[in-house]
Novice: 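Starting off with a structure, shown below.
All of these numbers come straight from a predicted model, not from anything done at the bench.
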Amino acid sequence: MATDLTTPDTSAALNASPIPFDAWADRILDGGELTREEARQILESSDDDLLRLLSAGFRLRQQHFGKTVQLYFLMNAKSGLCPEDCHYCSQSKISEAPVPKYNILKRDALMDAAKLAAERGAKTYCLVISARGPNEREMKAVEEIVPEIKKQYGLDICACLGLLSKEQADRLKACGVDRVNHNLNTGEEYYAEICTTHTYADRVQTLRHVRDAGMEMCSGGIIGMGETYDDIISMAFDLKELGVQSIPLNFLNSIDGTPLEGKKDLSPQDCLRALAMFRFVNPSRELRISGGREIHLRTLQPLGLYVANSVFVGDYLTTQGQAPDEDYQMIKDLGFEVTTSVGE
């Protein structure tokens with residue numbers, strides 16, 4: 001992360017008045033909102049304040065989600081071959097990472113993955129392709145497979161296909177897609193530092209098309225790419241203003257061969273503070289601990305679920321995730337439960 005994201009000086013914090021996390025939670029539970037300055041105080045808070053912060057954040061999580069955890073299953077339906085230059089991505093045109101390269105998978109492979117998603121207790125099957133946006137062949141493949149997956153396995157479908165036109169969003173809604181993922185990734189001011197082949201505004205426009213088509217919006221970002229506190233806060237508030245229903249928060253897994261290789265600025269506490277801030281800003285929205293949780297949260301992963309209410313189960317796009325059995329055990333040990341029924 002950028003310089004202002006280093007771990008705060010705890011000695012100074014000991015002499016300051018305690019940050020009123022519980023009072024903020026009270027206000028939000030009464031229908032109020034967190035301010036941007038308060039969001040910054042969360043990110044700047046000391047490690048000594050962390051348990052108080054998570055405790056207050058848990059009250060917001062419990063109000064809207066109880067002790068339930070939603071599982072998502074991610075399918076890399078088309079790998080590599082992307083013309084965009086997103087600096088964090090192993091599948092981008094500028095990446096030298098040795099990732100698999102293939103066009104959109106055939107029906108049987110996509111159905112097999114849906115079966116595995118159902119067996120793992122996932123509520124949502126995430127169908128992802130690497131592309132600037134879907135071509136006609138890819139659109140038709142999605143339109144054909146989505147009704148079959150929903151009929152056979154009863155899974156919610158989240159499509160992540162890149163930039164979408166209004167017409168494409170309408171077609172996805174018509175074939176049964178429940179939500180579309182398109183991450184903002186960072187704040188608007190920092191966006192040009194991580195991608196030059198499309199803009200932040202392009203991403204926002206896709207989300208508006210998704211919303212106008214009547215689908216849910218899934219959008220979040222990546223922490224640890226060199227951004228500042230202000231960039232993270234701007235992203236959190238932009239997601240709030242857009243009305244995004246589901247927020248996946250990733251922690252940079254710096255992959256060799258990408259422009260961000262070797263960048264490892266995050267501590268577990270940094271990740272937990274970011275998760276808590278997103279919960280305070282978006283108290284009623286699904287918050288998912290996403291890529292990089294195993295690397296950066298490490299043994300503190302369970303604490304993340306005191307403010308987040310969702311995780312991916314299994315692998316990510318080109319990187320491995322924690323074994324599903326370990327996720328199930330972690331959830332059980334917390335006294336939480338997996339939501340397994342669609343619409344639960």
Side-chain angles (χ1 to χ4, degrees), residues 1-2 5 39 43 72 74 76 82-95 97 126 128-133 158-164 179-210 217-255 258-261 263 265-266 270-271 274-275 277-278 281-282 285-293 295-296 308 312 316-319:
M1 286 186 171
L5 294 184
L43 294 180
Y72 280 66
L74 198 62
N76 195 7
C82 186
E84 305 303 286
D85 71 351
C86 303
H87 295 3
Y88 53 83
C89 183
S90 61
Q91 303 183 78
S92 78
K93 70 176 184 179
I94 59 173
S95 169
C126 303
V128 186
I129 68 169
S130 62
R132 178 178 177 84
C158 180
C160 180
L161 311 177
L163 299 171
L164 297 174
R179 63 171 53 157
V180 169
N181 168 262
H182 198 62
N183 291 334
L184 293 182
N185 284 326
T186 191
E188 184 173 11
E189 294 298 317
Y190 192 64
Y191 197 81
E193 298 297 319
I194 63 164
C195 181
T196 66
T197 48
H198 60 265
T199 66
Y200 187 87
D202 291 332
R203 287 187 171 261
V204 170
Q205 186 60 62
T206 286
L207 289 172
R208 288 176 176 151
H209 288 325
V210 169
M217 295 171 288
C218 173
S219 184
I222 307 171
I223 307 297
M225 296 190 293
E227 71 283 342
T228 66
Y229 286 144
D230 286 337
D231 296 318
I232 299 173
I233 292 165
S234 291
M235 176 171 59
F237 277 88
D238 282 354
L239 293 169
K240 177 184 178 68
E241 288 162 16
L242 283 164
V244 167
Q245 288 87 359
S246 181
I247 301 174
L249 199 61
N250 300 274
F251 308 103
L252 179 67
N253 182 351
S254 56
I255 299 170
T258 67
L260 295 179
E261 70 173 278
K263 192 163 189 58
D265 300 335
L266 295 171
D270 290 327
C271 300
L275 284 165
M277 187 272 286
F278 271 77
V281 174
N282 297 277
R285 301 310 187 182
E286 182 180 271
L287 179 60
R288 185 155 53 264
I289 316 176
S290 301
R293 66 179 168 100
I295 296 169
H296 294 291
F312 282 108
Y316 303 98
L317 293 178
T318 61
T319 57

Novice: Contact between Y72 and P248 at the side-chain level, heavy atoms closer than 4.5 Å - yes or no?
Specialist: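 No; the side chains remain at least 4.5 Å from each other.
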Novice: What is the minimum heavy-atom distance between L239 and G220, and which atoms define it?
Specialist: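 That would be CD1-CA, 4.0 Å.
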Novice: On a heavy-atom basis, which atom in L252 and which in L266 lie closest, and how many Å separate them?
Specialist: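 Residues L252 and L266, closest heavy atoms: N-CD1, 4.2 Å.
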Novice: For the atom pair CD1 (I247) and CZ (R288), what is the distance rounded to the nearest 0.5 Å?
Specialist: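 The distance works out to 9.5 Å.
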Novice: Using atom types as modelled and distance alone, determine if a side-chain donor or acceptor of R293 lies under 3.5 Å from a backbone N or O of F312.
Specialist: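 Yes; judged by distance alone, with no hydrogens or angles, the pair exists.
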Novice: Under a 3.5 Å cutoff, is there a donor and acceptor pairing between the side chains of D231 and T228?
Specialist: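 The answer is yes; a qualifying pair exists.
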Novice: Rounded to the nearest 0.5 Å, how far does CD of Q245 lie from OG of S219?
Specialist: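 Result: 10.5 Å between the selected atoms.
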Novice: How many angstroms lie between atom CD of E227 and atom CG of N185, to the nearest 0.5 angstrom?
Specialist: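 Between E227 CD and N185 CG, I get 10.5 Å after rounding to 0.5 Å.
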Novice: Tell me, with the steps shown, if V210 and H182 meet side chain to side chain contact (heavy atoms under 4.5 Å, CB included).
Specialist: CA-CA 9 Å; V210 169; H182 198 62; over 6 Å; no
Novice: If you look at every heavy atom in D85 and K93, which pair is closest and at what distance?
Specialist: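 In this case the closest contact between D85 and K93 is CB-CE, 4.1 Å.
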Novice: For the atom pair NE2 (H296) and CD1 (I289), what is the distance rounded to the nearest 0.5 Å?
Specialist: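 H296 NE2 to I289 CD1: 13.5 Å, rounded to 0.5 Å.
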Novice: Can you find a heavy atom in the side chain of L287 that is under 4.5 Å from one in the side chain of N282?
Specialist: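 The answer is no, as the side chains (C-beta and beyond) never meet within the 4.5 Å cut-off.
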Novice: Over 60° means perpendicular and under 30° means parallel, so tell me whether H198 and Y191 are parallel, tilted or perpendicular.
Specialist: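 Judged by the thresholds at 30° and 60°, the geometry between H198 and Y191 is tilted.
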Novice: Using atom types as modelled and distance alone, determine if a side-chain donor or acceptor of D238 lies under 3.5 Å from a backbone N or O of M235.
Specialist: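 It does not hold such a pair.
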Novice: Using only heavy-atom distances, determine whether the side chains of Y88 and N250 contain a donor-acceptor pair under 3.5 Å.
Specialist: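 No pair is found: no donor N or O on one side chain lies under 3.5 Å from an acceptor on the other.
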Novice: Are the side chain of S95 and the backbone of S90 linked by a donor-acceptor contact shorter than 3.5 Å?
Specialist: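 Side chain of S95 to backbone of S90, a donor-acceptor pair under 3.5 Å: yes, one is there.
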Novice: If I take atom CD1 from residue I255 and atom CD from residue Q91, how far apart are they, to the nearest 0.5 angstrom?
Specialist: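 The CD atom of Q91 is 8.5 Å from CD1 of I255, to the nearest 0.5 Å.
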Novice: For T197 and R132, work out which heavy atoms get closest and say how close.
Specialist: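 Scanning both residues completely, I find the closest heavy atoms to be O-NH1, 2.8 Å.
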Novice: I'd like to know whether M225 forms a side chain to side chain contact (heavy atoms under 4.5 Å, CB included) with L260, so could you lay out the CA-CA distance, the side-chain angles of the two residues, the decisive distance to 0.1 Å, and finally the verdict.
Specialist: CA-CA 7 Å; M225 296 190 293; L260 295 179; 3.9 Å; yes
Novice: Between Y200 and G187, what is the shortest heavy-atom contact and its length?
Specialist: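 Closest approach of Y200 to G187, heavy atoms only: CE1-C, 3.9 Å.
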Novice: For E189 and D230, run side chain to side chain contact (heavy atoms under 4.5 Å, CB included): C-alpha distance rounded to whole Å, both residues' side-chain angles, the deciding distance at 0.1 Å, then the answer.
Specialist: CA-CA 9 Å; E189 294 298 317; D230 286 337; over 6 Å; no
Novice: Give the minimum heavy-atom separation between L207 and L184, together with the two atoms involved.
Specialist: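 In terms of heavy atoms, the two residues are closest at CD1-CD2, 3.9 Å.
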Novice: Would you sort out whether I223 and I232 count as a side chain to side chain contact (heavy atoms under 4.5 Å, CB included), showing the intermediate values?
Specialist: CA-CA 7 Å; I223 307 297; I232 299 173; 3.9 Å; yes
Novice: Report the distance from atom CD of E193 to atom NE2 of H87, rounding to the nearest 0.5 Å.
Specialist: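 Rounded to the nearest 0.5 Å, the CD-NE2 separation comes out at 7.5 Å.
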